[in-house]
A.B. asks: 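Shown below is the structure under consideration.
In this chain, numbering begins with 1 at the start of the sequence shown.
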Amino acid sequence: MSRAHSSTRRQAVADPKYGSVKVAKFINRTMHDGKKNAARTQVYGALEILEKNLNRPATEVFEDALRAVAPQMEVRSRRVGGAAYQVPMPVRGPRGFSLAIRWIIEESRKRPSTTYHTFAEKLASEMMDALKGEGGAVAKKNTMHRMADANKAFAHFRW
């Protein structure tokens, strides 16, 4: 059943330093317990580390890292005649971007605190690994693609 009216998507406010909506969303996703300033400090710190190490603009590196992690295909459950099938489907743009953000932050948090001093260092190293095609976030993307590939036989159940 669908809604009578479709909801309007709110436009996120761009972050103050880079003027990027994507960086602002990344900061919001990183935030813990409403501490936006702390999240902003860590994300900006990570972007500065990336900029210094790669000698490229921070926003460009950030976009490349997100693109490297964003999946193109995913599997979604679809019930057909009492059985649930994992049906491979293409990922829409905003969802791919959201998954990429979620995975990068999740995998950064998993990194050992003994190796890194700050969360900014963890974030920066996860993004560096993503650019190389390594790291936990890229592994999650590859797992998702493998699942979609394995369930190709059910593609005709796509709605």
Side-chain angles (χ1 to χ4, degrees), residues 7 9 12 15 18 20-33 35-36 38-40 42-51 53-54 56-159:
S7 62
R9 288 188 64 88
D15 79 293
Y18 296 104
S20 165
V21 172
K22 288 186 176 185
V23 173
K25 285 187 177 188
F26 194 80
I27 289 167
N28 288 341
R29 187 72 197 193
T30 307
M31 182 171 48
H32 251 308
D33 294 331
K35 296 188 182 280
K36 191 172 209 157
R40 196 177 276 150
Q42 295 299 327
V43 171
Y44 287 164
L47 291 175
E48 284 168 15
I49 291 169
L50 288 170
E51 194 169 28
N53 290 349
L54 300 173
R56 286 172 50 205
T59 49
E60 189 183 297
V61 175
F62 175 71
E63 297 266 344
D64 289 348
L66 285 180
R67 239 177 273 117
V69 176
Q72 272 67 58
M73 293 295 287
E74 69 179 333
V75 289
R76 302 189 81 164
S77 270
R78 175 102 163 101
R79 286 186 60 84
V80 178
Y85 295 103
Q86 295 290 309
V87 181
M89 304 188 109
V91 176
R92 292 186 341 270
R95 176 158 167 78
F97 167 69
S98 297
L99 286 171
I101 284 179
R102 187 182 315 160
W103 291 343
I104 288 173
I105 292 168
E106 214 173 85
E107 293 302 319
S108 298
R109 287 189 177 135
K110 285 183 188 173
R111 289 183 177 241
S113 297
T114 53
T115 314
Y116 305 98
H117 298 295
T118 63
F119 183 68
E121 290 175 7
K122 290 181 181 186
L123 263 179
S125 66
E126 185 62 43
M127 284 194 233
M128 292 265 258
D129 286 351
L131 291 170
K132 294 180 207 162
E134 302 167 2
V138 174
K140 282 194 173 191
K141 169 192 165 181
N142 292 337
T143 302
M144 188 175 265
H145 281 179
R146 270 196 304 277
M147 282 176 65
D149 199 43
N151 289 296
K152 257 190 210 165
F154 306 123
H156 63 281
F157 288 130
R158 204 177 290 163
W159 53 83

A.B. asks: Do Q86 side-chain atoms and S77 backbone N/O form a donor-acceptor pair below 3.5 Å?
C.D. replies: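 Absent.
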A.B. asks: In Å and rounded to the nearest 0.5 Å, what is the CG to NZ distance from D129 to K132?
C.D. replies: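 It comes to 5.5 Å.
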A.B. asks: Of the non-hydrogen atoms in V138 and A130, which two are nearest, and what is the gap between them?
C.D. replies: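 So the minimum-distance heavy-atom pair works out to CG2-CA, 3.7 Å.
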A.B. asks: Starting from the C-alpha separation in whole Å, work towards a yes-or-no answer on side chain to side chain contact (heavy atoms under 4.5 Å, CB included) for V75 and M144.
C.D. replies: CA-CA 7 Å; V75 289; M144 188 175 265; 5.8 Å; no
A.B. asks: For the residue pair S125 and R111, what are the closest heavy atoms and their distance?
C.D. replies: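 Minimum heavy-atom contact is OG-NH1, 3.0 Å.
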A.B. asks: Does the pair L131 and M127 meet the rule for a side chain to side chain contact (heavy atoms under 4.5 Å, CB included), with working shown?
C.D. replies: CA-CA 6 Å; L131 291 170; M127 284 194 233; 5.6 Å; no
A.B. asks: Counting distance only, does the side-chain N/O of N151 pair as donor-acceptor with the main-chain N or O of V87 below 3.5 Å?
C.D. replies: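 No, the answer is negative, given that no donor and acceptor are paired below the 3.5 Å cut-off.
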A.B. asks: Answer whether the closest heavy-atom distance between the side chains of I101 and L66 falls below 4.5 Å.
C.D. replies: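 Of all side-chain heavy-atom pairs linking L66 with I101, at least one is under 4.5 Å.
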A.B. asks: Quick one: list whatever passes salt bridge (charged side-chain N to carboxylate O under 4.0 Å, His left out) with D149, sequence neighbours left out.
C.D. replies: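 For D149, the residues satisfying salt bridge (charged side-chain N to carboxylate O under 4.0 Å, His left out) (neighbours in sequence not counted) are K152.
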A.B. asks: Taking the side chain from K141 and the backbone from A68, do they hold a donor-acceptor pair closer than 3.5 Å?
C.D. replies: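 Confirmed, K141 side chain pairs with A68 backbone.
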A.B. asks: Tell me, do D15 and V43 make a side-chain contact under 4.5 Å, heavy atoms counted?
C.D. replies: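 No, their side chains stay 4.5 Å or more apart.
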A.B. asks: Centre-to-centre under 6.0 Å for F62 and F26, is that the case here?
C.D. replies: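 Ring centroids of F62 and F26 are less than 6.0 Å from each other.
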A.B. asks: Considering all heavy atoms of both residues, which atom of A46 and which atom of A120 are nearest to each other, and what is their separation?
C.D. replies: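 A46 and A120 have their closest heavy atoms at CB-O, 3.3 Å.
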A.B. asks: Ignoring hydrogens and geometry, is there a side-chain-to-backbone donor-acceptor pair from H145 to Q72 under 3.5 Å?
C.D. replies: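 The answer is yes, because a donor-acceptor pair under 3.5 Å joins these two groups.
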A.B. asks: In chain order, what residues pass the salt bridge (charged side-chain N to carboxylate O under 4.0 Å, His left out) check against E107, with sequence neighbours excluded?
C.D. replies: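 Result, salt bridge (charged side-chain N to carboxylate O under 4.0 Å, His left out) vs E107: K110, K140.
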A.B. asks: Quick one: which residue pairs count as a salt bridge (Lys or Arg N to Asp or Glu O under 4.0 Å) with a foot in residues 82-105, not counting sequence neighbours?
C.D. replies: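 Only E74-R95 qualify under salt bridge (Lys or Arg N to Asp or Glu O under 4.0 Å).
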A.B. asks: For the atom pair OG1 (T30) and CZ (F119), what is the distance rounded to the nearest 0.5 Å?
C.D. replies: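 Here the interatomic distance stands at 5.5 Å.
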A.B. asks: Roughly how far, to the nearest 0.5 Å, is the CE atom of M31 from the CD1 atom of I27?
C.D. replies: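 Atom-to-atom, I27:CD1 and M31:CE are 9.5 Å apart.
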A.B. asks: Could you walk me through whether I49 and L123 pass side chain to side chain contact (heavy atoms under 4.5 Å, CB included), step by step?
C.D. replies: CA-CA 10 Å; I49 291 169; L123 263 179; over 6 Å; no
A.B. asks: In Å and rounded to the nearest 0.5 Å, what is the OG to CD distance from S113 to E121?
C.D. replies: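 Answer for the OG-CD pair, S113 versus E121, is 11.0 Å.
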A.B. asks: Taking side chain as C-beta onward, heavy atoms only, is H32 less than 4.5 Å from R109?
C.D. replies: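 Yes; the side chains approach each other to less than 4.5 Å.
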A.B. asks: Side chain to side chain contact (heavy atoms under 4.5 Å, CB included), that's the test. Do K22 and T59 meet it? Break it down for me.
C.D. replies: CA-CA 9 Å; K22 288 186 176 185; T59 49; over 6 Å; no
A.B. asks: Identify the two heavy atoms, one from V69 and one from A137, that lie closest to each other, and give their separation to 0.1 Å.
C.D. replies: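 Taking V69 first and A137 second, the nearest heavy atoms are CG1-CB, 3.7 Å.
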A.B. asks: So, for E126 and I104, which heavy atoms are closest and what is the spacing to 0.1 Å?
C.D. replies: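 Taking every non-hydrogen atom into account, CG-O, 3.8 Å.
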A.B. asks: For a quick test of reading the model, state the closest non-hydrogen atom pair linking G96 to A70 and the distance between them.
C.D. replies: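 In this case the closest contact between G96 and A70 is O-CB, 3.6 Å.
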